[in-house]
Amino acid sequence: MTAGVQKQTAHERRKGESALSEFADYVEKQQKNRPSAARAGSVAPSDSGYSTQSTQYEEHAELDILDSLDLAETSTQVRLKDLLLDSGEDAEVTLQQLSEVLQKRMLEGNGETLFDLGQEDNGESMAFSKEHWDVALDRIRRAAKMLQAECRILMTRNVGGPEEVETVNGKDKSATGKIMIREEPETPEDVIETRIAVVGNVDAGKSTMLGVLVKGGLDDGRGKARVNLFRHKHEVESGRTSSVGMEIMGFDTRGDIVASNVPGRKLSWEEIGKRSVWLLNFQAGPAANLDKAKVISFTDLAGHERYLRTTVFGLLSSSPNYCLLMVAANNGLIGMSKYGISLPVMDTKDLLEHREHLGIALALNVPVMVVITKIDICPPQILEQTITQLTRILKSPGARKIPIFIKNREDTIETATQFVSQRICPVFQVSNVTGESLDLVRTFLNILPHHGNYDAEAPFEFHVNDTFSVPFVGTVVSGVVKSGVIHAGDAVLIGPDSLGQFTTTHIRSIERKRIPVPVCSAGQSASFALKRVRRKEVRKGMVVLPKLDAPPKVYREFVAEVLILSHATTIKTKYQAMLHVGPISQTCAIIDIDRAFIRTGDRATVAFRFVQRPEYLAVGDRILFREGRTKGLGIVKAVGYDASKPLNPDPETDTNGGGA
């Protein structure tokens, strides 16, 4: 930083914040339009040699539901009401048609669906009486049984029973309700898996709440529930997470939580898997043949500033489907919860120094849910201040979220079904000591729809985010399958090493949540045991690819379109920062910019060079770089860099200084 240069003003900060949400949406659309052959390194030409524009179509996730609505003037489909109430001679035929409707919906929902019983696809009421409801419910259950699926009533109106909620319109006497239908896959590799990254400021209660959720008991107010989640001795002594922790929570096909019968005892991953997955292998035995489940994988991340690099790595490498932001009711959004989101009336030194987690989640364009903890020890006026602060931040130009405060079961179910829109942000207020509203969080996680697009037909690609050496097994790598399918015994390549080379090996075995499986497909997290590979030869950030005739290409230089979220002065060439691309974390230097300099809020095309070693990149990969308070995000537009085609052919000489 050059002396005499003015620091970033409030106007410049707001400029960076307002551009964050828009640029994150742009990056998301670019990734969706990325061709499967992007790994070849091809890119559309332009005058500068590096394309920054691409033909794309505007997409809105909120409007996807219109595809399932029967809005045509002349419809050839049979009305759902006729399928649900048919009791004539063709009852078995229409029952088969009903099962086909359910099968299609469960296929779209990755093995589960939420059925609105009492409403047509276009929202029209079926005007069910209580008798009609009972007949329709029986046929739904029979149709689901034909598909090896289970039904659970989540909410009803004008039906009665423990799931009954108040009717919105007092004049409407029709019986309606929402039913969760979840199938029983035949093999463990078909488990419905949802990954959630848990972030928040230090002492927000992240590990404590995860301990309560996975163990089933309550906390004693002194951190009893979090002890079993810590991985290191110093974490137990300090009570603060410093590493990337992993925990899982299982649901069976009926939506019940898979927990220990002994209060306070945490089930092992193997026990959760055997109780929640319909295992067909011989080793599991008949006792394990229980209903198949949905598994929630939590990534417990550190909240302290000194562990920021570990937290960013955990967020990017785990490829989360959702982000769960923890906020302590008695502290509010201080520290690392407030990345890049500032409030004019709360710009204290503490807030300006640590604003991290929320902005990273927004930059990744991951749906965010918020849990306000410690409400049992928080005075009402302080809680009100925290809620006001949180609402203002979520509605700010950088976030553009609509906070929905969950107060009852009806709010939980309605919000979970509408969470397809990333503009919605559910907010829970819980206590891990008294257990207040924890049942709402569990219900929400159970019916949370699967989020994420993965291509199982594309070439296989696996990103390594951790390595192990297991006795009598050998080297094991864990991570997420980005695309394609892999089988145990397949020949693969792992790399690149410091020289950019790949090593040929074979998949000895595959495990998912510590359960052996024969195959793993796109979107699933797994661990691979590798043959004839030493642990010192593998590292975080490597990739596993299918063995091909031509070796994969790696690159030390690449071009990206970036957005500067925060920087005190200006950024020029030769500037260095820590760059994150998925599980890759390496220092990068800027070697070219399409203008003389860039500052907060600017979008620019920038050429980077890895300082240590080449990496495996693709056009469309999302990047995030940081250095101190400097933060930026972007998307890879081209791999490789041609110095004969500079991004700025006529650079202007900057005589005022002000470099980074």
Side-chain angles (χ1 to χ4, degrees), residues 196-213 218-227 229-230 235 238-242 245 247 298-308 311 315 323-343 345-361 368-394 396 399 401 403 405-407 425-438 440-441 444:
I196 300 178
V198 182
V199 299
N201 189 40
V202 63
D203 300 330
K206 301 182 295 297
S207 299
T208 299
M209 182 166 181
L210 290 186
V212 171
L213 290 177
L218 295 176
D219 187 49
D220 61 353
R222 295 181 175 86
K224 175 184 176 182
R226 70 188 179 196
V227 174
L229 273 66
F230 290 142
E235 293 180 333
S238 65
R240 293 178 175 177
T241 303
S242 64
E247 293 297 331
F298 294 104
T299 304
D300 187 15
L301 300 172
H304 200 279
E305 180 189 14
R306 70 176 67 176
Y307 309 121
L308 174 59
T311 299
L315 262 174
C323 183
L324 178 58
L325 176 64
M326 295 280 193
V327 179
N330 54 346
N331 290 333
L333 263 75
I334 66 171
M336 288 173 57
S337 300
K338 270 189 82 236
Y339 172 100
I341 308 296
S342 61
L343 291 176
V345 298
M346 296 184 180
D347 279 343
T348 64
K349 181 182 178 185
D350 187 32
L351 290 177
L352 288 173
E353 286 180 351
H354 318 285
R355 300 174 302 184
E356 301 297 337
H357 293 161
L358 178 59
I360 296 175
V368 178
M369 60 191 89
V370 179
V371 174
I372 301 176
T373 60
K374 303 183 181 181
I375 62 173
D376 56 306
I377 62 173
C378 182
Q381 67 274 15
I382 302 299
L383 176 60
E384 189 64 29
Q385 292 178 11
T386 300
I387 293 176
T388 302
Q389 178 193 18
L390 176 65
T391 303
R392 192 177 305 176
I393 290 175
L394 292 176
S396 65
K401 298 287 184 181
F405 290 87
I406 309 298
K407 298 180 180 179
C425 181
V427 181
F428 298 87
Q429 302 176 47
V430 306
S431 169
N432 295 316
V433 176
T434 64
E436 182 178 351
S437 297
L438 284 176
L440 301 182
V441 177
F444 187 85

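Each residue takes its place number in the sequence, starting with 1. Values reported hereafter were calculated over all heavy atoms of this structure, with side chains retained and with hydrogens, waters and symmetry mates removed.
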[X] versus [Y], closest heavy-atom pair with distance:
X    : Y    : result
S207 : D300 : OG-OD2, 2.6 Å
L218 : G435 : CD2-CA, 3.6 Å
K374 : D203 : NZ-O, 2.7 Å

Does the [X] side chain pair with the main chain of [Y], one donor and one acceptor, at a distance under 3.5 Å?
X    : Y    : value
T208 : G205 : no
K206 : L324 : no
T386 : A329 : yes

Side chain to side chain donor-acceptor pair (under 3.5 Å) involving D376 - partner list, sequence neighbours excluded:
S431

For the residue pair [X] and [Y], establish whether any side-chain heavy-atom pair is separated by less than 4.5 Å.
X    : Y    : result
L438 : N432 : yes
M209 : V430 : yes
L390 : P403 : no
V198 : T299 : no
L383 : Q429 : yes
V327 : T373 : no

Passes side chain to side chain contact (heavy atoms under 4.5 Å, CB included), I406 versus S437? Steps please.
CA-CA 9 Å; I406 309 298; S437 297; over 6 Å; no

Nearest 0.5 angstrom please: Q385 CD to Q381 CD, how far?
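If we round to the nearest 0.5 Å, Q385:CD and Q381:CD are 7.0 Å apart.
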
May I have the step-by-step check of side chain to side chain contact (heavy atoms under 4.5 Å, CB included) for L315 and L301, ending in yes or no?
CA-CA 8 Å; L315 262 174; L301 300 172; 3.6 Å; yes

Hey, would you say the F405 and F428 ring centroids sit under 6.0 Å apart?
no

Residues V199, M326; criterion side chain to side chain contact (heavy atoms under 4.5 Å, CB included); working and verdict:
CA-CA 6 Å; V199 299; M326 295 280 193; over 6 Å; no

Taking it one step at a time, do V427 and I372 satisfy side chain to side chain contact (heavy atoms under 4.5 Å, CB included)?
CA-CA 7 Å; V427 181; I372 301 176; 3.9 Å; yes

